[in-house]
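Working notes, beginning with the structure itself.
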Amino acid sequence: MPDEDSKIDHYVLEYRKTNFEGPPRAKEDQPWMVIEGIKGTEYTLSGLKFDMKYMNFRVRACNKAVAGEFSEPVTLETRAFMFRLDASTCHQNLRVEELSAEWDATGGKVQDVKAREKDGKGRTASPANSPAR
């Protein structure tokens with residue numbers, strides 16, 4: 001972090017995909033992607049996809065005349081995670097099937113419960129079993 005009286009004008013962030021952990025190696029296949037003109041000491045890089053293996057990041061400070069040395073590269077991983085939606089406990093307007101979920105603004109589950117109650121096959125009328133729960 002620069003001192004408040006430093007002459008830093010902006011930062012340059014470079015990043016690239018890689019297939020291994022650790023610092024960059026001598027021969028890399030992927031070129032560095034460059035983001036220039038970052039004014040603050042925080043930056044959000046959007047558009048990344050999860051499970052891209054590893055990415056190397058490095059940054060350098062620049063003033064109006066010259067750019068400094070790059071920082072030591074940092075290697076990060078954007079890991080994927082798996083989850084499942086439970087059809088029996090999800091919101092009443094969410095229809096969950098094997099590999100998909102669909103929002104039903106008409107309240108599909110409420111309609112199904114009301115139809116079953118009409119046929120005498122639905123839940124009891126206790127508040128614990130109400131569709132709005």
With a 4.0 Å cut-off on N to O distance, would you call Glu102 and Arg95 a salt bridge?
no
Nearest heavy-atom approach of Cys90 to Val96 is SG-CG2, 3.7 Å
Tightest non-hydrogen contact, residues Gly40 and Tyr11, listed as O-CD1, 3.4 Å
- prompt: Side-chain heavy atoms under 4.5 angstrom apart, residues restricted to Ile, Leu, Val, Met, Phe, Trp, Tyr: same cluster for Ile38 and Phe70?
  reply: no
When every non-hydrogen atom of Asn63 is compared with those of Lys7, the smallest separation belongs to CB-O, 3.2 Å
In terms of heavy-atom contacts, Leu85 and Leu94 come closest through CD1-CD2, 4.2 Å
Path from Val12 to Phe57 over hydrophobic side-chain contacts below 4.5 Å: no
d(Ile35 CD1, Tyr15 OH) to nearest 0.5 Å is 5.0 Å
Closest heavy-atom pair, Glu69 versus Arg60, reported as atoms and distance to 0.1 Å, is O-CB, 3.4 Å
Note: Asn56 and Trp32 closest approach over all heavy atoms is O-CZ3, 3.5 Å
